[in-house]
Number of protein chains: 2
Amino acid sequence: MRTPRARIDSRGFRQVCGYAARVVKRRRAAARRHPRDLRRYVAGPRKVPTLSAQRTTLADVAAAAGVSVSTASLAFSGSGPIADRTRERVLEAARTLAYAGPNPLGRQLRRGRSGIVGVVMGDVLRRAFRDPVTVQVLDGLTARLGPLGLGVLLVPGPHDTTQPPVDPLLSTAAMDVAVQMWGGTTDDPVLETLRNRGIPVVLVEGTPQPDVAVVGIDDRGGMAELTRHVVGLGHRRIATVTLPFDRDRVEGPAGPGRLSGIAWEITRRRLAGVTDAGVEPTVVWETPASLVEHGAAAGRALLQAADRPTAIICQSDLLASGVVLAARELGLRVPQDVSVAGFDGLDLPWLAPDVLTSVAQPLADKGAAIGDAVADLLAGRDAEERVLPVALREGTTTGPVPV
Amino acid sequence: MRTPRARIDSRGFRQVCGYAARVVKRRRAAARRHPRDLRRYVAGPRKVPTLSAQRTTLADVAAAAGVSVSTASLAFSGSGPIADRTRERVLEAARTLAYAGPNPLGRQLRRGRSGIVGVVMGDVLRRAFRDPVTVQVLDGLTARLGPLGLGVLLVPGPHDTTQPPVDPLLSTAAMDVAVQMWGGTTDDPVLETLRNRGIPVVLVEGTPQPDVAVVGIDDRGGMAELTRHVVGLGHRRIATVTLPFDRDRVEGPAGPGRLSGIAWEITRRRLAGVTDAGVEPTVVWETPASLVEHGAAAGRALLQAADRPTAIICQSDLLASGVVLAARELGLRVPQDVSVAGFDGLDLPWLAPDVLTSVAQPLADKGAAIGDAVADLLAGRDAEERVLPVALREGTTTGPVPV
DNA sequence: GTGAAAGCGCTAACAA
DNA sequence: TTGTTAGCGCTTTCAC
């Protein structure tokens, strides 16, 4: 069947070198001018599609429309002058050939852009998605990214220390920009990998550092305000339940040793807010993740201790709601027996009739701000730091200190 | 500065045609042999990276290592024979040049594969992510996809009828396979778009149809078993709260008109399960989304009606938990005054001390099954239908009918 | 307003 | 085991 110099390549195309190549090329070119002969190069109509295999190419469409490839390209991209009639003819040809538009792979290589924003989650996906904060930010982000023609590629984040430090996707997948959702210490392996690849980064709630765009909120200020509110109610014995300190994800009261080495900026800042308000927590309880069950565990421990705190300030609403549930479980009334405050300003209807006293952060805006930072980086501007405001929201879970 | 035939193209490369081109090519080739002269073609070391711009190419590395490009390629892909020493030399050169590995864009075009699986969510992301079912399935899916070198691109699903039927990402982004999370009726615009693009599809809980791989669970059987359990407890006045019927997302009791035109397979099947057990629900309450608040709304309405049902069977745990909350709110005891059952088998700690009676579906396995189906399609096999088993799980929310 | 030509960065078939 | 060669499908520059 095959002449010595012809062969079929991995994608089913016939390839020929030297003189014969020119002959074949001429044949394919001819085929383009006579769509009838295209059969061999086109996937059967509506057959079970195997790969992303999109056999019909712009060249085929151009040939069918009787224009050059470049003109056909213009018809689709709209990024140049083209006569209305010509465009119409091209689109008509595309319709006839069931051409669904330019192959993104070719376009991407040529443009040097993938149109993809890698989003590195702060955790394994399951846990990350259970956090409404992450989810709402992600939602705000995609809303901003959509109109820019950008899509979100999910990249699992650092799990625990038993896992390899970065997901292979991070080192190999195409992405124009990366967003790291939480964490991002200076020596973060994720940031290191991205830096090596030359991929610009937007860091959310991380440690500011050179060459990285940062988006965050005024959580230190918000936490200070929240604490002052609690102090204003007369509380002095105040415990605090925190987000994880680092990838070790320890659970329990943190001694001075651990307190001095908090790797995650967000945890450190929110803790600093408490101190700023002049409060020295009776206990700093570290959790392995911002989840209801960890809050409940903390609540049980703190509220059954001898010298029970009269107020518990939590670094997230999920943790706070766990504490509220634990209090209820123990027969303690909130806020009569114990006050509980959270952070984030989530709407947690299942906590009804209670509404958490919390610090509300603008989640959708934060997502949008991340999107703006992404757009900045993509446009070659270096993104300024974006810090969004927060607002104290009084609910029903804080009240005067019990007498 | 420029000769008539030289120009700078959009990505900053000098381009020249004809004879001059050969000269320039020779110059660049020379530069490759003498890394010192590369400066112009390489991004400055560790400067603020602008685009995904990764200026150093495999050719540069090959030149520096004194091998051909194809050999250098082998060193990275490992998909061919190469001497250990040669590979080492190439990797060494890569290190020196801060080359972080082959540009995925080039690789993708050449291979005809993007390594991307588009996941079309059943809803706007915010709502989709609030559903633990979706999230856990997604988690199981990414776990299976990771080792295959595939990443997940999030594609917002159909919102409501006021929005355009498909997200632009769906029609333009590169993806080797698409997964549609829910829905997928025969005339679904999402499926239509993917079919036109020749992208193979895995449909989750949708209507089986030609050329589409389907993954689902035995929800009809599970629902029948659940209903028989409730009937066995003596209940006869049984209402049911369902998932959405279609993109219209109506909320309230469904009349015969709506009941006859349920577009979403999953809703229809779970409803059929109830009927299979010989139960004619007193009310079929349609919800706009599987969320706690819609369950609560349904619960309030159903439990305040004159002829209150003694049991409410819900098509999801989230809906069921909303009903439980509504019952508590109304001062009704569960299950003494009313029995409530759900579907999915979620762990909802905040419902404590109650544990929902439910039908557990293997969420992580479902994600894995989707991953397997993806792998099948990618390998050119056509995927058989995958139906996973479910299991009745008795909790504390169902009990004997009140006397 | 249209066409010719070049080439993005890579992989794979084949020859050597 | 390595090198030569072709080309994936597209966009863009420049000439006309």
Participant: In whole Å, what is the span from the CZ atom of A:R89 to the P atom of C:dG1?
Facilitator: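 Answer to the nearest Å: 14 Å.
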Participant: Tell me: CG of B:N103 to P of C:dG7, nearest whole Å?
Facilitator: 18 Å
Participant: Is a side-chain N or O of A:D176 found less than 3.5 angstrom from the main chain of A:R113, in a donor-acceptor match?
Facilitator: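 Absent.
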Participant: Look at the side chain of B:R110 and decide which nucleotide, out of D:dC10, D:dT1, D:dG7, has an atom nearest to it.
Facilitator: D:dG7
Participant: Could you state the atom-to-atom distance from CZ of A:R113 to C1' of D:dC10 in whole Å?
Facilitator: 16 Å
Participant: What residues in residues 66-82 of chain A put a non-hydrogen atom under 4.0 Å from any atom of DNA chain D?
Facilitator: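 Result for residues 66-82 of chain A: A:S70, A:S73, A:S79, sorted by number.
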Participant: Do NZ/NE/NH1/NH2 and the carboxylate oxygens of A:D372 and A:R144 come within less than 4.0 Å?
Facilitator: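 Looking at A:D372 and A:R144, the cut-off is met.
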Participant: I want to verify a distance call: between C:dT11, D:dC8, D:dT11, whose nearest atom is closest to the B:L109 side chain?
Facilitator: D:dC8
Participant: Return yes if a side-chain donor-acceptor contact under 3.5 Å exists between A:S73 and A:S70, otherwise no.
Facilitator: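 Looking only at side-chain atoms, A:S70 and A:S73 do not form any donor-acceptor pair under 3.5 Å.
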Participant: Please report, rounded to the nearest Å, how far the P atom of C:dC8 is from the CG atom of B:D60.
Facilitator: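 Distance, rounded to whole Å: 11 Å.
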Participant: To the nearest Å, give me how far apart CG (B:L58) and C1' (C:dA12) are.
Facilitator: 13 Å
Participant: I need the CZ-P distance between B:R107 and D:dC8, as an integer number of Å.
Facilitator: 19 Å
Participant: Thinking salt bridges, do B:R95 and B:E88 make one under a 4.0 Å N-O criterion?
Facilitator: yes
Participant: If you compare all heavy atoms of A:Q108 against all heavy atoms of A:S114, which two are closest, and at what distance to 0.1 Å?
Facilitator: NE2-O, 3.3 Å
Participant: Keeping A:T193 on the side-chain end and A:P189 on the backbone end, is there a donor-acceptor pair under 3.5 Å?
Facilitator: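 Yes, the answer is positive, given that a donor and an acceptor are paired below the 3.5 Å cut-off.
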Participant: Find the distance B:D84:CG to D:dT1:C1' and express it as a whole number of Å.
Facilitator: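 Rounded to whole Å, this separation is 12 Å.
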